[in-house]
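The structure appears below as structure tokens.
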Amino acid sequence: MNEPIRDRLVTLRRNLHRYPEPAWREFYTTARVVEELRAIGVDELAVGPDAYDPADRMAVPDTDLEPWIDRARERGADSALLERMTGGNTGAVAVLECGDGPAVGLRVDIDALFIEESTDTGHVPAAEGFRSEVEGAMHACGHDVHMTWGLAVLEAIKESDFGGRLVVFFQPAEETSGGGCPMAKSEFAADLDYLLAAHVGLDHPSGEIVAGIEKPLAMCHVDATIRGTSAHAGKAPNEGANAMHAMGTAIENTYGIPRHSDGMTRVNIGRAESGTASNVIAERAHMEAEARGETTELMEYMKDRLARTIKSAATMHGCEADVDIVSESPRADSDPELQALVSEVAADVPGTEHVLPAADFGASEDATFLMERVQNDGGLATYLVIGTDHPDSHHTPTFDVDEASLEHGVDVLTETILELERQHPVPHANTDSVTAEGGA
């Protein structure tokens, strides 16, 4: 641990990769990050409920936490830290106070996915001995890389002549859109002049940098339970209220929700279950769904129509429905001022072969909560992408990264933060001349 992070980027990333933990279960992961932060020597360190209000969390699991705590304890996680994270209050915020200058935030996510990692000998983590040791969980989206960046950038900024305040958010529960909101509402997100969020890959190759993503989809996760009345399917089917039939109607009608003229929308029911036996009218059905929109308003339109569709289907079949919004995230676009600055910086960083000033995101991200908070407070935000060659898509059992992107990402982020201090205050673009021409 006395060895600089910069000299062990690959080792650190591989260690984090071996012990993935999904949303709100990142107990060992948080403890491992805190161990590194203590070695770096930050000026302020907040863990779990000290980093945010637990009441602001979304998509927190009701059960299943204890086995993850026990596993973290067995791996040697600090018992005092585990006590502080009781109830799934994972994640951390680290602050460097480096004198007068801008307040810069950096957001990196820390959670993994419920995916069983490949054992194929052609899969590098399996071949080189750092495949996930947690059955059914995997860093299949690169968050192990993101944490490594966050730690290495903190170390680099501390050793630099940076003047200002650096706040690094090690955010839990990105994959369920559950952790961005509490981080954004926390005191640590207040009065930030700039926010950087970063992701590895996203189908951009090694050497390519996207200075700022645009058009992330606002989204929501929805759970719905339909309650009917059980009955004998042969003897007295008329005495039942068929929750499974209501669910089928809800699914069919969901895909018939009218699209909106103002922009792109998405809706999907990804999981549905009901019934106990072939001769029993089902009294309960459960669905897990999502709605997305090109804007926050369009997502709200789809969310409202989805809830209405499910409830109407239940009523049609004599049932009742409960619809729960598990989590959601808004749309927030990168600011062109920061896109220009990142483009300028990245072009001069060794390893950069191509810079895209902007690219459409096409998916959803709860970093938008932090981006929106900073932008609403008068600051600037961007979500940049550090390209990496990966053999398969994100969220697959064979996802991996080109480890050259570890150093490349650290350099781009560090140099961007240093340049923000040099150019502070970065002027906001003049929007006074923007008109409504072409609105039709």
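The structure presented is a predicted model; accordingly, all values stated were derived computationally and were not measured.
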ask   = Does the side chain to side chain donor-acceptor pair (under 3.5 Å) test come out yes or no for H286 and E273, once each step is laid out?
value = CA-CA 5 Å; H286 181 75; E273 60 179 1; 5.6 Å; no

[X] [atom1] to [Y] [atom2] distance, which is reported to the nearest 0.5 Å:
X	Y	atom1	atom2	result
I115	F399	CD1	CZ	10.5 Å
L82	I69	CG	CD1	7.0 Å
T176	M58	OG1	CE	8.5 Å
L154	L413	CG	CG	11.0 Å
L370	Q375	CG	CD	10.5 Å
E133	R71	CD	CZ	11.0 Å

Is [Y] close to [X] at the side-chain level, that is, under 4.5 Å between some pair of heavy atoms?
X	Y	value
V326	V222	no
H199	C141	yes
E337	H428	yes
T254	L306	yes
L192	D377	no
F130	R18	yes
W68	V134	yes
W149	I386	yes

So, for [X] and [Y], which heavy atoms are closest and what is the spacing to 0.1 Å?
X	Y	value
A140	T396	CB-O, 3.7 Å
A314	I226	CB-CG2, 4.1 Å
V280	S230	CG1-OG, 3.5 Å
L65	G88	CD1-N, 3.7 Å
V60	G87	CG1-O, 4.3 Å
Q339	S343	O-OG, 2.8 Å

Within the side chain of [X], is there an N or O that forms a donor-acceptor pair under 3.5 Å with the backbone of [Y]?
X	Y	result
H221	I325	no
D111	E174	yes
E21	Y28	yes
T368	P330	yes
Y194	L338	no
H395	L113	no
S177	E328	no
R373	M371	no
E26	W24	yes
E288	G270	no

request  = Just do the side chain to side chain contact (heavy atoms under 4.5 Å, CB included) check on V267 and R259 with the steps written out, would you?
outcome  = CA-CA 10 Å; V267 67; R259 298 304 180 253; 3.7 Å; yes

request  = Show the numbers, then the answer: is there a side chain to side chain contact (heavy atoms under 4.5 Å, CB included) between T29 and T90?
outcome  = CA-CA 9 Å; T29 302; T90 52; over 6 Å; no

task = Among residues two or more places apart or on two chains, list those pairs meeting salt bridge (charged side-chain N to carboxylate O under 4.0 Å, His left out) that have a residue in residues 136-145.
result =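 Non-adjacent pairs meeting salt bridge (charged side-chain N to carboxylate O under 4.0 Å, His left out): R13-D144.
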
request  = Kindly determine whether V104 and D193 satisfy side chain to side chain contact (heavy atoms under 4.5 Å, CB included), including the steps that lead there.
outcome  = CA-CA 6 Å; V104 181; D193 296 297; over 6 Å; no

task = Any chance you could lay out the side chain to side chain donor-acceptor pair (under 3.5 Å) test for N242 and H317, step after step, and finish with the verdict?
result = CA-CA 7 Å; N242 197 325; H317 293 280; over 6 Å; no

ask   = In a check of side-chain contact (heavy atoms from CB on, under 4.5 Å) between I257 and each of T309, T265, D304, which one passes?
value =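 So the option named by the test is T309.
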
ask   = Between R131 and E116, does a salt bridge (charged side-chain N to carboxylate O under 4.0 Å, His left out) hold up when you go through it step by step?
value = CA-CA 10 Å; R131 178 185 175 273; E116 183 73 20; 3.1 Å; yes

CD/E252: more than 12 non-hydrogen atoms of other groups inside 6.0 Å =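 No, the 6.0 Å shell around CD holds no more than 12 heavy atoms from other groups.
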
query = Does the pair K185 and D53 meet the rule for a salt bridge (charged side-chain N to carboxylate O under 4.0 Å, His left out), with working shown?
reply = CA-CA 8 Å; K185 289 184 176 181; D53 185 344; over 6 Å; no

ask   = Parallel under 30°, tilted from 30 to 60°, perpendicular over 60°: which one fits the rings of H139 and H143?
value =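 Correct class here is tilted.
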
task = Could you go through the side chain to side chain contact (heavy atoms under 4.5 Å, CB included) check for V345 and V412 one step at a time?
result = CA-CA 7 Å; V345 170; V412 170; 5.6 Å; no

